Amino acid sequence: MDVRRRSGTARAEMSGRRLLLIQAALAGALVAALFVKEFPGLVREVRIYRMTGGLRARRRYP
């Protein structure tokens with residue numbers, strides 16, 4: 001008598017490797033979205049840093 005169990009959900013059939021790939025893709029998309037959202041502010045900060053002299057301005061701006 002051959003009794004085979006078959007799950008009715010797709011979630012039970014998903015492998016661990018596939019789940020990790022999906023989680024990594026979601027995390028990467030979240031990081032990319034955050035970077036795109038914050039990029040203009042980062043550019044502004046770098047511009048201010050360069051205008052004040054950067055590392056060479058230690059004597060002027062303690």
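Residue numbers start at 1 and run along the sequence shown. Everything numeric in this text was worked out from a predicted model, so none of it was measured.
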Hydrophobic cluster of L34, others only, ordered by chain and residue number, side-chain cut-off 4.5 Å: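 Members alongside L34: none; it stands by itself.
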
Apart from L42 itself, residues in the same hydrophobic cluster as defined by side-chain heavy atoms under 4.5 Å: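 F35, F39, V43, all in the cluster of L42.
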
Candidates L20, I22, L21 - the one meeting side-chain contact (heavy atoms from CB on, under 4.5 Å) with R18: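 Testing each of L20, I22, L21 against R18, the sole residue satisfying side-chain contact (heavy atoms from CB on, under 4.5 Å) is I22.
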
Side chain to side chain contact (heavy atoms under 4.5 Å, CB included) involving R50 - partner list, sequence neighbours excluded: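 Here the qualifying residues are V46.
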
